[in-house]
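Note sheet for the following structure.
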Protein chains: 2
Amino acid sequence: MSASVEPVPARRGRPGYDREQVLAVAVGLFNEQGYDATSVADLAQRLGLTKSALYHHFDSKEQLLALALDEALSGLEGVLDAPSPDADPAARLAAVLRGAVLVLVDRLPYVTLLLRVRGNSDVERAALERRRAFDHRVTALVADAQRAGSVRADVDGAVVTRLVFGMVNSIVEWYRPDGSVDRERLAHDVVTVALDGMRTR
Amino acid sequence: MSASVEPVPARRGRPGYDREQVLAVAVGLFNEQGYDATSVADLAQRLGLTKSALYHHFDSKEQLLALALDEALSGLEGVLDAPSPDADPAARLAAVLRGAVLVLVDRLPYVTLLLRVRGNSDVERAALERRRAFDHRVTALVADAQRAGSVRADVDGAVVTRLVFGMVNSIVEWYRPDGSVDRERLAHDVVTVALDGMRTR
DNA sequence: GTCTATAAATGGATAGAC
DNA sequence: GTCTATCCATTTATAGAC
């Protein structure tokens with residue numbers, strides 16, 4: 001490979017976005033206003049471009065949505081696919097909880113968008129389907145932990161799973177990477193509260 | 001008061017919806033598709049009316065949103081305004097948690113809609129402002145409980161509050177009144193998991 | 001209280017010049 | 001890679017008949 005003359009596609013003159021930059025800005029706007037409430041004109045305005053210039057970067061508004069949702073889903077699926085050193089269901093569960101928080105924080109805008117999808121189109125329905133598959137795998141993990149005696153059995157396993165992952169998912173509503181809570185601290189706090197609750201003992 | 005001849009505004013011929021019925025159907029549709037993705041034509045179709053007939057019932061699509069959001073907010077505010085017999089912050093907190101779950105379940109569609117509002121208009125921003133006020137009052141309650149030693153102090157009070165109410169709010173994502181989980185049972189489970197966590201001891 | 005018809009604006013998306 | 005100009009479907013909302 002010979003040395004490249006242009007270190008990075010040098011910016012000169014007009015903005016000159018690439019697809020990933022456009023996607024990042026689009027997702028930010030979708031999260032601010034909602035996907036449906038965001039027009040391609042809104043996006044063009046935020047980028048300082050015209051609509052036509054935008055359509056040079058992607059085929060449709062929905063394609064941007066599909067790319068963003070895949071970014072979120074692949075991250076979450078990675079948490080479950082990661083080989084676990086533990087056979088102990090309780091340890092696996094704690095690792096998955098922690099991993100989910102970290103993915104959520106690291107891909108915050110993408111996961112935020114995912115969690116707001118309602119199934120309004122084929123793209124959205126496909127994403128919901130992948131999400132459901134993820135949820136089922138987690139529910140199975142909680143059921144394992146219940147059988148092993150490490151998760152309370154006086155509450156339905158599916159209900160605990162939903163409550164605890166509802167807690168995790170709610171992080172997108174308020175967490176800001178530039179805020180005072182760092183990602184490791186947050187992951188630790190979530191695992192603590194999920195496992196042992198808020199009450200002192 | 002003399003006996004009414006017509007027990008209930010009798011239905012005869014055309015549907016003849018009143019405002020509340022229209023509102024209920026509208027909120028259901030907003031929750032299915034999203035407020036922005038739902039057109040007045042969609043709503044008219046679901047009601048079996050024309051758009052024009054609908055505009056006889058309300059002034060604008062946004063007025064429906066405002067009415068729905070007030071229904072949710074007044075319910076939640078009622079939980080905090082309810083006079084508490086206890087001075088103990090821990091007991092007050094448990095009562096608020098339980099009350100919030102019950103309001104959420106009893107006004108499920110309205111609270112669902114509220115929790116999805118992003119601040120896209122004056123109506124939405126006013127609702128977010130009322131929600132923030134509610135959150136602040138709850139956070140203050142948790143801080144009281146921490147000072148009293150009944151809530152763990154090794155996690156930031158504002159973070160615990162957000163996590164636990166995130167858990168409560170996430171109920172709208174899956175709870176169905178006709179399902180297998182009844183409201184009292186759910187409220188009990190939420191208080192249990194929020195206070196003591198999912199882990200066995 | 002519901003209808004048909006239509007206004008006025010905005011939506012996503014494309015054509016073709018530079 | 002961005003522009004101006006435009007297409008056509010759909011949107012919120014209104015006018016006026018029954």
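Below, each value reflects all heavy atoms present in this structure, side chains not excepted, and no hydrogens, waters or symmetry copies. Just so it is clear: chains get the letters A, B, ... in the order the sequence lines come, proteins before strands, and each one is counted from 1.
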Atom [atom1] of [X] to atom [atom2] of [N]: distance rounded to whole Å?
{"X": "D36(A)", "N": "dT11(D)", "atom1": "CG", "atom2": "C1'", "result": "13 Å"}
{"X": "E62(B)", "N": "dT11(D)", "atom1": "CD", "atom2": "P", "result": "18 Å"}
{"X": "L54(B)", "N": "dT14(D)", "atom1": "CG", "atom2": "C1'", "result": "14 Å"}
{"X": "L43(B)", "N": "dT10(D)", "atom1": "CG", "atom2": "P", "result": "18 Å"}
{"X": "F58(A)", "N": "dG1(D)", "atom1": "CZ", "atom2": "P", "result": "14 Å"}
{"X": "Q63(A)", "N": "dT14(C)", "atom1": "CD", "atom2": "P", "result": "11 Å"}
{"X": "L64(B)", "N": "dT12(D)", "atom1": "CG", "atom2": "C1'", "result": "13 Å"}
{"X": "H56(A)", "N": "dA13(C)", "atom1": "NE2", "atom2": "P", "result": "17 Å"}

*Run the salt bridge (charged side-chain N to carboxylate O under 4.0 Å, His left out) check on R92(B) and D144(B) step by step: do they pass?*
CA-CA 10 Å; R92(B) 286 219 314 275; D144(B) 283 348; 3.6 Å; yes
*What nucleotide among dG1(C), dA13(D), dG12(C) has an atom nearest to a side-chain atom of K61(B)?*
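Of the options given, the side chain of K61(B) lies nearest dA13(D).
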*From the options dC3(D), dG12(C), dC3(C), select the nucleotide whose nearest atom is closest to the side chain of A53(B).*
dC3(C)
*Could a donor-acceptor pair under 3.5 angstrom be found where the side chain of S52(A) meets the base of dA5(D)?*
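Such a pair is found, so the answer is yes.
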*Atom pair CG (L43(B)) and CG (L54(B)), whose distance is rounded to the nearest 0.5 Å*: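 Output value for this atom pair is 5.0 Å.
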Any side-chain N or O of [X] less than 4.0 Å from the OP1 or OP2 oxygen of [N]?
{"X": "S39(A)", "N": "dG11(C)", "answer": "yes"}
{"X": "Y55(A)", "N": "dA13(C)", "answer": "yes"}
{"X": "H57(B)", "N": "dT2(C)", "answer": "yes"}

*Check whether more than 12 heavy atoms from other residues, nucleotides or ligands sit under 6.0 Å from atom CZ of R152(A), and answer yes or no.*
yes
*Between R116(A) and E124(A), is the closest basic N to carboxylate O distance under 4.0 Å?*
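Looking at R116(A) together with E124(A), the answer is no, because their closest N to O distance does not fall below 4.0 Å.
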*asked:* Using the ring-ring contact (aromatic ring centres under 6.0 Å, His included) criterion, which residues pair with Y35(A)? Sequence neighbours excluded.
replied: F30(A)
